[in-house]
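Structure first, commentary second.
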Amino acid sequence: MVATPEAIEEAADLLRAGELVGFPTETVYGLGADAANAGAVARIFAAKGRPSDHPVIVHLGSAAQIDDWARAVPPAARRLARHFWPGPLTMILPRGAGVPDAVTGGQPGVGLRVPAHPVAQRLLGAFGGGVAAPSANRFGRVSPTTALHVASELGNAVSLILDGGACDVGIESTIVDFTSAGGRAVLLRPGGVDAAALADALGYPPLPPAGDAPRASGTLAAHYAPTTPTLLVPAADIEPAIAQATAAGRTIGMLAVAPGAPVPGLRLWLAGGEDPSVYAHFLYRHLRTLDAARVDLILIEQPPESPAWMAVNDRLQRATHRDEEMLP
Ligand code: TXA
Ligand code: MG
């Protein structure tokens, strides 16, 4: 429903009653529950079909609440909070006493984020506490960037969905972990805040994740995936890939980078755009459109492999990982 002041109050009441609420953030829509209520958090896992040992991010209205959920917060984390909150950054910090195991998946850290979306801000302000929320999609699927996406995928499980329009960033938050490298920042998931901006604020580039980094479903190799077989293909290999699939009688949908003349022979052709933030904004919407087109194969043209495209390329690799073995 439209996020009127009455709807926000109703959503906050539902959270207090242990129910699930869908709400917009500037990255993607979240499926929220009272983070202090283990029973309410358990309902998130049931609704998503997500394994119960996966941790969820706790969303806070303000950085001032950081010490309610975390302890021994390193100065560098406070610096990132000042720079990037409210915004598309999640930090994994040593969990505070009393944080339910249901939230952390039993891990030593708790994920915290202060989202910037005005509807999220109003909801968190009205509720007062922390809201545990993963992206509001079925486990392993494409994250929702509109209220309609949430309703179509999780409608029955959610008591209320606050509609705040299409998400601005379009892909999930950047996740920085402070619990695994002696207090140094580790980039677990690239996202809305880019690595160069993090390096500026930290004074050093964030470290790459080690093999034993905390488990994060958004860091599984296959994730964010359409149901249609989907391949990530270098620009130079697109034509042969189309020829091969067409010869095999398969229908094709394609996500190109640059707008311009559509590639002939395709059932559906979309362009993501040459600006990585514009591409990110439309990425999940495009993947849903291609998935709904009932083609046999989705081809995604590989964007440039430069740092500015890191978060987009990460999501594209995960969206296509399952189907890699189909490559010629
Ligand atoms: O932009 C976003 O981050 C969105 C919006 C709704 O805030 N949320 C989101 O949540 O993408 P989710 O659960 O789909 O992905 C969050 C990732 C998961 O891979 C989870 O495993 C990881 O963050 N994570 C959360 N808490 C963690 C913790 N305590 N330790 C390690 N990883 C954690
Ligand atoms: Mg997710």
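Note that ligands are numbered from 1 as they come in the structure, with each ligand's atoms numbered from 1 the same way.
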Do side-chain atoms of [X] reach the backbone of [Y] as a donor and acceptor pair under 3.5 angstrom?
X	Y	answer
Gln65	Ser62	yes
Asp53	Gly105	no
Thr25	Thr27	yes

Below the 3.5 angstrom mark, is there an N/O of [X], backbone or side chain, next to an N/O of ligand 1?
X	value
Arg189	yes
Tyr29	no
Thr104	no
Gly30	no
Arg50	yes
Ser173	yes
His59	yes
Thr27	yes

**Request:** Could you pull out all residues at least two apart from Glu153 that satisfy side chain to side chain donor-acceptor pair (under 3.5 Å)?
**Result:**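 Scan of Glu153 (side chain to side chain donor-acceptor pair (under 3.5 Å), adjacent residues dropped) gives Arg288.
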(Q) Check for me whether His54 has a heavy atom closer than 4.0 Å to any atom of ligand 1. (A)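 No, His54 has no heavy atoms under 4.0 Å from ligand 1.
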For a distance under 2.8 Å, tell me if Ser143 has an N/O/S atom near the Mg ion (ligand 2).
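It does not; every qualifying atom lies at 2.8 Å or beyond.
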Discussion item. Using the rule given for side chain to side chain contact (heavy atoms under 4.5 Å, CB included), can you reason through Phe23 versus Val131, listing the C-alpha separation, both sets of side-chain angles and the distance that settles it, and then say yes or no?
Written reply: CA-CA 11 Å; Phe23 68 100; Val131 173; 4.0 Å; yes
Do Glu172 and Ser135 get their side chains close enough for a donor-acceptor pair, meaning under 3.5 Å?
->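 Per modelled atom types, Glu172 and Ser135 side chains form no pair under 3.5 Å.
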Notebook entry, point to check: Any side-chain donor-acceptor pair under 3.5 Å between Thr90 and Ser173?
Noted result: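 A donor-acceptor contact under 3.5 Å links the two side chains.
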Original post:
Under a 4.0 Å heavy-atom limit, does Val56 contact ligand 1 with its side chain, its backbone, both, or neither?
Top reply: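 The backbone, only.
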With Arg78 via salt bridge (charged side-chain N to carboxylate O under 4.0 Å, His left out) - residues at least two apart:
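Arg78: salt bridge (charged side-chain N to carboxylate O under 4.0 Å, His left out) contacts with Asp67.
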Under 4.0 Å to a heavy atom of [X] - the qualifying atoms of ligand 1, by number:
X	result
Glu172	1 (O), 2 (C), 11 (O)
Gly109	28 (C), 29 (N)
Val110	29 (N)

**Prompt:** Which class fits the ring pair His54 and Phe139: parallel under 30°, tilted 30 to 60°, perpendicular over 60°?
**Reply:**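 Because their plane-to-plane angle is over 60°, the rings of His54 and Phe139 count as perpendicular.
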